Amino acid sequence: MTLSRRWLWAALLAGTLLVAVVVVTWLDAMAAVRDTPGDPPPALVALLLRPIADGPNAEVIRRGRALTVAGDCVGCHTRADGLPFAGGLGIKTPFGVIFSPNLTGDRATGIGAWTADEFARAMAHGIGRGGEHLYPAFPYTYFRTVTRGDDDAILAYLKTLPPVRYTPPANRLVFPVSLRPAIALWNAAFLPSAAVRPNRSPEWNRGAYLVDGLGHCGVCHTPKTVALSDKAGEYLRGGKLDHWLAPDLTGNPRTGLGRWSATDIVEYLRTARNARANAAGPMAEVVTYSTALMSDADLASIAAYLKTLPASPEAVAVAPDAGAMRRGAAIYVDACASCHLADGRGQPRLFPPLPGNAGLQQASSTTLLHVILAGARTGPTPARPTATTMPSFAWKLTDGEVADVSTYVRNAWGNRAAPVGGDDARAMRRALRLTDAILPRPR
Amino acid sequence: MAQRMKPVDAVIVGFGWTGAIMAQQLCDAGLSVVALERGAAQDTSTGFATTFDQDELRYMWRHKLFQNVAHSTLTIRNNPGQTALPMRHLGAFLLGTGVGGSGVHWNGQIWRALPSDFRTRSHNIERYGAASVEGLTVQDWPVSYADLEPHYNTFDLLCGTSGKAGNLGGATQPGGNPFEGPRSAEFPNPPLTYTYGPALFADAAARTGHHPFPHPAGNLSRPYTNPLGIQMGQCTYCGFCEKFGCGNYSKASPQASIIPYVLTKPNFVLRSESEVLRVERTPDGKRATGVTYVDSSGAEFFQPADIVVLAAYQLHNVHLMLLSGIGPPYDPATGKGLVGKNYCYQTMANIEVFFDDKLINPFIGAGSHASVIDDYNGDNFDHSRLGFIGGAYIAALVTGGRPIEMTRTPPGVPAWGLDWKRAAAKYYRRSFNLSVHGSSYAQRGNGLDLDPTYRDQFGRPMLRMTFDFSPNDVKMSNYCADRAIEIAHAMGVSAVKPKRLKTPFDIVPYQTTHTIGGTMMGATPADSVCNRYSQSWDVSNLFVTGAGLFPQNFGYNPTATVAALAYLSAEAIKTRYLKAPGALVTA
């Protein structure tokens with residue numbers, strides 16, 4: 001199963017073409033909750049935690065490993081049932097499938113023969129070893145801020161990975177996206193120049209470096225233009241991808257991290273859950289393979305940095321329909337209260353509390369609808385190995401009921417967010433290919 | 001023919017409660033471990049999520065979580081004079097299958113046996129004379145309550161058991177079970193809250209001079225994180241525990257309590273849909289070399305291992321021992337041999353109680369949601385003139401109100417038709433059940449061996465069960481049922497419908513899945529299959545977990561004792577066996 005998290009590159013086409021044939025092979029979202037108890041592949045997390053023996057280059061390799069973890073490189077460069085870092089994950093995009101390359105030390109099919117200069121050029125400019133343009137599915141738009149020393153350390157670490165002889169399948173892309181030189185046009189238009197950072201505390205600067213560099217948080221959390229470049233002035237205010245909404249990370253008290261303490265943020269990134277929320281969807285994977293394995297200092301830096309982001313503007317309140325609230329409350333008692341409890345307080349760190357929950361109150365109901373219809377799974381982490389799961393309700397709630405209960409949880413207990421319509425639920429159900437999941441009901 | 005797999009330090013056969021406990025213990029000690037589970041992988045979200053878990057037809061009546069007898073069954077008879085026939089539909093006991101085993105669909109009843117239960121033979125002879133055990137093949141355990149106490153405690157912490165201690169370090173505690181052995185710690189979580197039924201029983205039992213207390217429950221009274229970092233939720237009293245998985249992470253089970261941790265271990269591999277055919281041994285038969293298994297495609301594999309742990313269900317462990325030719329097989333006709341000896345069960349009676357003037361609402365329930373008295377269990381009461389030994393706990397166990405299984409009608413109501421419908425509708429909310437959960441003591445004519453006629457899907461002889469209740473157990477059960485009926489009347493019932501123990505043993509009505517014995521532990525190789533560390537006397541690198549180790553069954557549900565024995569075994573392997581592989585007890 002694949003989970004598209006890197007389709008920024010699709011901006012290429014959006015920026016150079018007016019019309020494209022959209023070949024959508026959307027991920028079956030149910031895959032996210034169909035994981036077997038065997039996952040996460042223990043080998044993967046174990047590899048990332050394996051002690052690195054002392055030696056002349058050990059410090060560099062250890063640093064490289066920490067940076068590789070911070071970049072969540074395994075997230076894209078490991079396919080289901082494949083060996084770690086061997087690539088071959090099919091990243092599904094509106095324009096076809098792109099397969100991630102092999103990052104192991106194999107000289108023929110991996111990066112064993114790459115020089116440090118070649119690697120640094122790829123990280124900063126998206127240029128491959130043979131001078132070809134890489135698709136911005138590889139987020140060099142973010143990695144360009146990574147220092148040369150860190151690039152070298154990452155390469156040093158990757159070269160220590162057990163070499164795997166494996167060539168990923170050829171990309172399956174529609175014309176003209178299939179022509180790599182076209183990427184140069186997109187780069188010219190959208191590749192950001194290196195940001196000038198105010199000189200603040202070393203911790204803050206470290207956080208900014210991680211968030212905007214290897215962490216490439218904005219790929220998901222910053223809204224995109226039609227060309228799929230970052231929207232100016234909406235940095236980390238929440239972006240849609242793959243039928244999820246990566247939420248607002250600014251200081252907004254309702255939709256963002258305004259009510260979260262730095263400690264809350266660190267706990268979330270370390271364990272995939274805290275007293276306010278559980279990591280689900282693509283973020284669950286990011287925590288399991290990346291942030292849960294990062295150092296305390298780096299997580300604290302990220303938290304310190306995020307806590308300084310100015311709040312996004314308050315959304316205009318729209319009063320929900322009283323009938324929808326009444327129906328939604330009844331559905332809530334039947335379908336939700338067994339875990340989230342009648343008063344919505346949930347069982348923190350297990351089943352998230354709903355009053356004040358930022359994820360529920362995003363401007364868009366995308367994630368809420370996705371979770372209700374397809375279910376969701378909290379990422380397992382070394383500190384909290386339970387991957388608690390919310391089941392799919394697609395088969396037992398109609399679109400109207402999904403909409404009503406969504407409206408209810410977005411507006412009960414002091415929450416406030418735009419009501420959700422049956423059309424929104426229907427559209428999400430179609431997108432997730434769950435239209436056949438509903439059970440017929442006796443009238 | 002069989003494909004040879006990479007050798008590992010330990011192979012575990014079966015991945016339910018004890019398989020997971022052994023895997024966790026051995027992996028934490030640094031051993032490479034492979035677990036082979038014949039059934040499919042399943043977890044909370046894929047197997048029994050809250051949205052579809054409460055489905056009586058699918059899980060209870062269509063056996064979603066149970067062994068498919070078309071693939072695997074056993075033959076059964078009541079005595080050696082009969083010809084055993086294959087059980088073609090599950091009934092009296094409901095064997096689990098798949099990852100988590102029967103730990104998925106249990107009620108979560110977490111009992112410790114009484115200190116005297118571990119000395120069944122000596123204790124009764126000392127108090128009542130040799131005649132008290134005549135006709136029974138009861139034995140003492142090679143372990144004491146004190147030996148197991150720390151391991152019971154470990155299991156309580158793993159499960160987050162909800163309850164109230166009655167004996168802390170020897171000091172009796174108000175509100176708990178005054179008869180229990182001393183606990184080193186209070187329960188990790190407070191008891192579940194009584195609904196009306198258990199409250200009525202507790203009140204009536206106290207008024208009649210008994211000592212009611214809340215049932216120790218693996219259904220959690222509040223959210224809990226266990227020592228492995230695993231989180232569990234608060235029970236919602238949905239009433240679907242026994243025969244069902246738990247979608248709320250609130251019933252202790254391998255999936256909810258331990259497997260997520262084991263799966264994070266890099267030195268652990270789980271292979272589901274892998275059924276072990278036999279244990280392989282060196283030519284002299286003294287060491288196990290590994291196990292042969294088939295996967296669901298029929299391909300055969302050999303998994304070499306330094307340690308083999310049989311952690312399948314009790315009946316399957318006995319079957320594998322017999323098929324592998326390990327230990328002298330028991331012959332119930334002659335009483336000779338050991339593997340398959342002292343097969344026992346649990347002696348059950350049920351007293352249904354009905355009220356015209358009280359709404360019980362039994363659909364608010366949980367697997368261990370009960371008030372209990374232990375006054376008639378084990379040797380908590382004087383047996384001098386009673387003509388039997390052993391006993392039962394009596395529990396107002398309101399596990400739920402599953403409509404097909406739990407629609408009760410008072411005596412005198414026809415079994416069908418308008419009068420039945422009226423009574424069923426009226427009493428669905430006005431009735432519940434008192435469970436009389438009794439000991440089962442071994443007698444010579446009972447046992448497990450290989451069937452001479454019937455073969456399983458792999459061409460192996462089926463396991464044959466020869467079983468009937470001993471006269472001792474029949475007397476015991478009727479005596480305890482009478483006591484339950486007395487308390488029922490003290491509750492102010494409008495009617496009582498006793499469902500006493502039926503003899504001979506019948507496989508059709510569900511009774512309990514507590515099948516025990518057959519690989520019993522003991523003090524010497526002359527009287528047992530395993531030593532006190534669950535180690536085979538015959539094959540020193542073979543360990544056998546589960547209720548097969550019990551020499552006979554006490555009046556409690558076996559799971560906590562099964563788990564405690566597994567922890568005791570794992571501790572001995574880690575602290576002694578790994579340093580000096582070989583027999584841990586010198587015969």
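Any value given below was found using the heavy atoms of this structure, including those in side chains, with hydrogens, waters and symmetry copies removed. Naming convention: chains lettered A, B, ... in sequence-line order (proteins, then strands); numbering from 1 in each chain. Note that the structure is a prediction, hence the values are computed from the model and not measured.
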Open item on the list: Donor-acceptor check, side chain of A/Q347 to backbone of B/Q234, threshold 3.5 angstrom: yes or no?
Closed with: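 Yes, because the side chain of A/Q347 sits within donor-acceptor range (under 3.5 Å) of the backbone of B/Q234.
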Does a side-chain N-to-carboxylate-O contact under 4.0 Å join [X] and [Y]?
X	Y	result
A/E267	A/R349	yes
B/K64	B/D55	no
B/K265	B/D28	yes

- [ ] Run through B/F66, B/Y59, B/F48, B/F240 and flag the one making a ring pair (Phe, Tyr, Trp, His ring centres under 6.0 Å) with B/H105.
- [x]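 By the ring pair (Phe, Tyr, Trp, His ring centres under 6.0 Å) criterion, B/H105 pairs with just one of B/F66, B/Y59, B/F48, B/F240: B/F66.
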Report which part of [X] has an atom under 4.5 Å of a heavy atom belonging to chain A: side chain, backbone, both, or neither.
X	result
B/S250	neither
B/T50	both
B/Y237	neither

Open item on the list: Ring centroids only, cut at 6.0 angstrom: are B/Y313 and B/W17 within range, meaning strictly under it?
Closed with: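 No, too far apart.
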TODO: Please report the closest heavy-atom contact between B/L157 and B/Y224, naming both atoms and the distance.
DONE: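 Heavy atoms of B/L157 and B/Y224 come nearest at O-OH, 2.5 Å.
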Task: Largest heavy-atom contact set with chain A, pairs under 4.5 Å, which of B/C238, B/G229, B/A49 - done: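 Most heavy-atom pairs within the cutoff with chain A belong to B/G229.
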Task: Which portion of A/T388 sits near chain B, non-hydrogen atoms under 4.5 angstrom - done: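 Answer is both: backbone and side chain atoms of A/T388 are under 4.5 Å from chain B.
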Open item on the list: Ring-plane angle category for A/H370 and A/W244, please: parallel below 30°, perpendicular beyond 60°, tilted otherwise.
Closed with: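 Parallel.
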Open item on the list: Are there residues of residues 331-344 of chain A whose heavy atoms fall under 4.5 Å of chain B's heavy atoms? If so, which?
Closed with: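 Listed by number: A/S338, A/C339.
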